[in-house]
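To keep things clear, I will list the structure first and then write my remarks on it.
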Amino acid sequence: VVTRDDVEESLKAVFQLVKDKEQLLQDLRSQTEETKKKISEKQRERDYWLEYKNVGSKIHAERISSLEKETVEVKCELERTEEYYREALKVVKEENQKLFDRHMQLLSEAALKKAVGYLDKNCRREIEENEWLKEEVKIYRKEESDLKAAVQLLEEENTSLVTKLIDIKLQHLRV
């Protein structure tokens, strides 16, 4: 015997079961929607990266290689510029040294003239004679070296002539 309460309870249980199933179905639908959204998002991301792999990466690879080439060119240009400035600095230093030496020479000559100006006439004459004597010494030294060279040549020539003379005498003695 089934009573009304049993039927109501049974209907309530079935109703609750249907309600739970509908709730479960709704939860599953919402999870499915979220999963579809995630799949769609991941699909877009995948498509982006595939596009990048097929097109963008090549563009970036070309850009990277272009930038690397530019870097190498800039380094070469920097080295050439550095070498140019190093040479220019060397030339300027040499020129400055020459100018400095010339300036110092002029200053010493001017100082010498000024110092000579303060001397009396006898001292000036002695200095001028000293300069003349220095020039004469240079001339005599040059003549001396020329004469030494000439003497050496004559000695070598005499030695060769004496050697030839001795050789000729030896040949005559043999005969």
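Counting non-hydrogen atoms of other residues, nucleotides and ligands closer than 6.0 Å to CZ of Phe15 gives a total of 12 or fewer. Summarising the local packing, CD of Glu136 is surrounded by more than 12 heavy atoms from other residues, nucleotides or ligands at distances under 6.0 Å. Remark: Arg86 CZ is packed, more than 12 non-hydrogen atoms of other residues, nucleotides or ligands lying under 6.0 Å away.
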**OP:** Please assess Lys148 against Val151 for the test side chain to side chain contact (heavy atoms under 4.5 Å, CB included), listing each intermediate value before the final yes or no.
**Re:** CA-CA 5 Å; Lys148 282 183 180 180; Val151 167; 5.7 Å; no

**OP:** Check the pair Asp167 / Gln171 against side chain to side chain donor-acceptor pair (under 3.5 Å), numbers first and verdict last.
**Re:** CA-CA 6 Å; Asp167 287 342; Gln171 285 177 359; over 6 Å; no

**OP:** Give the intermediate values and the outcome of side chain to side chain donor-acceptor pair (under 3.5 Å) for residues Arg141 and Ser145.
**Re:** CA-CA 6 Å; Arg141 284 189 181 154; Ser145 66; over 6 Å; no

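Remark: the backbone N or O of Thr159 is paired with a side-chain donor or acceptor of Thr163 at under 3.5 angstrom.
Using a cut-off of 4.0 Å between Lys/Arg side-chain N and Asp/Glu carboxylate O, Lys98 and Glu94 are scored as not salt-bridged. Using a 4.0 Å cut-off between charged side-chain N and carboxylate O, Arg80 and Glu77 make a salt bridge. Arg4 has a carboxylate O that lies under 4.0 Å from a charged side-chain N of Glu8, or vice versa, which qualifies the two as a salt bridge.
One hydrophobic cluster, built from ILVMFWY side chains closer than 4.5 Å, cannot hold both Leu107 and Leu99; they sit in different ones. Note on Leu24 and Leu17: separate hydrophobic clusters, where clusters join Ile, Leu, Val, Met, Phe, Trp and Tyr whose side-chain heavy atoms are under 4.5 Å apart, directly or indirectly.
Asp101 and Gln105 form no side-chain donor-acceptor contact under 3.5 Å, judged by distance and modelled atom types alone. Side-chain polar atoms of Asp27 and Gln31 form no donor-acceptor pair below 3.5 angstrom.
Here Ser108 contributes atom OG and His103 contributes atom NE2; the two are 10.5 Å apart, rounded to the nearest 0.5 Å. The structure places CD of Gln16 at 13.0 Å from CG of Leu11, a figure rounded to the nearest 0.5 Å. To the nearest 0.5 Å, the span separating OG on Ser30 from CG on Leu25 amounts to 10.0 Å. Here CD of Glu45 is found 5.0 Å from NZ of Lys42. Values are rounded to the nearest 0.5 Å. We find the CZ-CD distance between Arg102 and Glu95 to be 14.5 Å, quoted to the nearest 0.5 Å. The distance from the CD1 atom of Ile39 to the CZ atom of Arg46 is 12.0 Å, given to the nearest 0.5 Å.
Relative orientation of the Tyr48 and Tyr52 rings is parallel, given thresholds of 30° and 60° on the angle between their planes.
Using a 4.5 Å heavy-atom cutoff, the side chains of Glu109 and Leu106 are in contact. Looking only at side-chain heavy atoms (C-beta outward), Glu87 and Tyr84 stay at 4.5 Å or farther from each other. The shortest side-chain heavy-atom distance between Glu156 and Gln152 falls under the 4.5 Å cut-off. Between Leu153 and Glu157 there is no side-chain heavy-atom pair separated by less than 4.5 Å.
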